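Remember, predicted model here, so these are calculated numbers, not experimental data.
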Amino acid sequence: QIWRLITNFLFFGPLGFSFFFNMIFLYRYCRMLEEGSFRGRTADFVFMFLFGGFLMTLFGLFASLFFLGQAFTIMLVYVWSRRNPYIRMNFFGLLNFQAPFLPWVLMGFSLLLGNSIIIDLLGIAVGHIYYFLEDVFPNQPGGKKLLLTPNFLKMVFDTPEEDPNYNPLPEDRPEHQPRDHDQNEQQHPQ
């Protein structure tokens with residue numbers, strides 16, 4: 001049942017407050033990451049999903065965790081919060097804090113709802129591993145980028161860069177505008 005490697009990230013529990021809370025956070029922070037630090041880097045965004053999913057599945061096997069949707073959401077929140085450390089947050093109008101504390105506030109809220117915090121800790125741990133390998137370690141003296149997005153993902157998801165030497169056919173040019181040297185030839189025929 002190979003599909004369970006993917007579907008375990010799609011289950012957030014029975015319908016209820018926790019389910020809707022996870023859906024809102026998944027949508028919001030996934031979108032903010034995609035439009036922010038991953039703008040124009042879709043392959044890197046997908047690679048973060050694959051890397052995080054692989055680590056969560058691996059760690060989840062050892063901890064006997066079979067549904068990892070909430071951990072995945074917390075991982076996205078963690079990465080976003082670390083990349084936006086100066087944003088001020090407000091939690092239900094009760095608590096003001098800086099963005100890096102958001103995963104911990106969500107974990108405390110999950111604890112108040114009576115949920116197990118092991119799933120939240122897994123998401124925070126995997127998010128921190130990704131953040132450290134992607135943003136911290138490469139900027140250290142002697143550090144290097146260890147997480148390299150595979151080329152096949154770049155070929156599938158990223159648009160190829162336009163060749164600066166490409167010369168479209170006259171009918172493919174915007175409004176059939178002639179090139180600069182075409183205009184020069186028209187002005188100075190030989």
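In this view, Y29 and F25, W80 satisfy the ring-ring contact (aromatic ring centres under 6.0 Å, His included) rule, not counting sequence neighbours. Remark: S110 engages Q70, N115, D120 in a side-chain contact (heavy atoms from CB on, under 4.5 Å) (not counting sequence neighbours). Checked against side-chain hydrogen bond (donor to acceptor under 3.5 Å, both in side chains), Q140 has no partners two or more places apart in sequence or in another chain. Annotation: side-chain hydrogen bond (donor to acceptor under 3.5 Å, both in side chains) contacts of T42 (sequence neighbours excluded): none. In this structure F72 satisfies the ring-ring contact (aromatic ring centres under 6.0 Å, His included) test together with F9, F49, sequence neighbours excluded. Legend: residues meeting side-chain hydrogen bond (donor to acceptor under 3.5 Å, both in side chains) with N22, ordered by chain and number and at least two apart, are absent. R31 pairs by the side-chain contact (heavy atoms from CB on, under 4.5 Å) definition with Y27, E35, not counting sequence neighbours. For F97, the side-chain contact (heavy atoms from CB on, under 4.5 Å) partners are M89, F91, L95, F101, L102, V105, not counting sequence neighbours. Partners of R83 by side-chain hydrogen bond (donor to acceptor under 3.5 Å, both in side chains), not counting sequence neighbours, listed by chain and number: S37, D135. A search for side-chain contact (heavy atoms from CB on, under 4.5 Å) contacts involving L133 returns F51, I129, L146, L147, not counting sequence neighbours.
Around atom CZ of R39, no more than 12 heavy atoms belonging to other residues, nucleotides or ligands sit under 6.0 Å away. Counting heavy atoms of neighbouring residues, nucleotides and ligands inside a 6.0 Å radius, atom CD1 of I118 does not exceed 12 of them.
When side chains are defined from C-beta on, L50 counts as touching L153, because their heavy atoms get closer than 4.5 Å.
With I74 as the partner, the side chain to side chain contact (heavy atoms under 4.5 Å, CB included) test is satisfied by one option alone out of L121, L68, L26, I124: I124.
The structure places CE of M56 at 10.0 Å from CZ of F59, a figure rounded to the nearest 0.5 Å. Separating the CE atom in M23 from the OG1 atom in T73 is a distance of 6.5 Å, to the nearest 0.5 Å. The distance from atom CG of L148 to atom CD of E134, rounded to the nearest 0.5 Å, is 8.5 Å. Atoms CE and CG, from M107 and L112 in turn, are 11.0 Å apart once rounded to the nearest 0.5 Å.
Applying the ring-ring contact (aromatic ring centres under 6.0 Å, His included) test to pairs two or more places apart or on separate chains, those with a residue in residues 128-156 are Y78-H128. Residue pairs that meet the side chain to side chain donor-acceptor pair (under 3.5 Å) test with at least one member in residues 44-57, sequence neighbours left out, are R41-D44, D44-T149.
The two atoms that bring A99 and N84 nearest to each other are CB-O, 3.1 Å, heavy atoms only.
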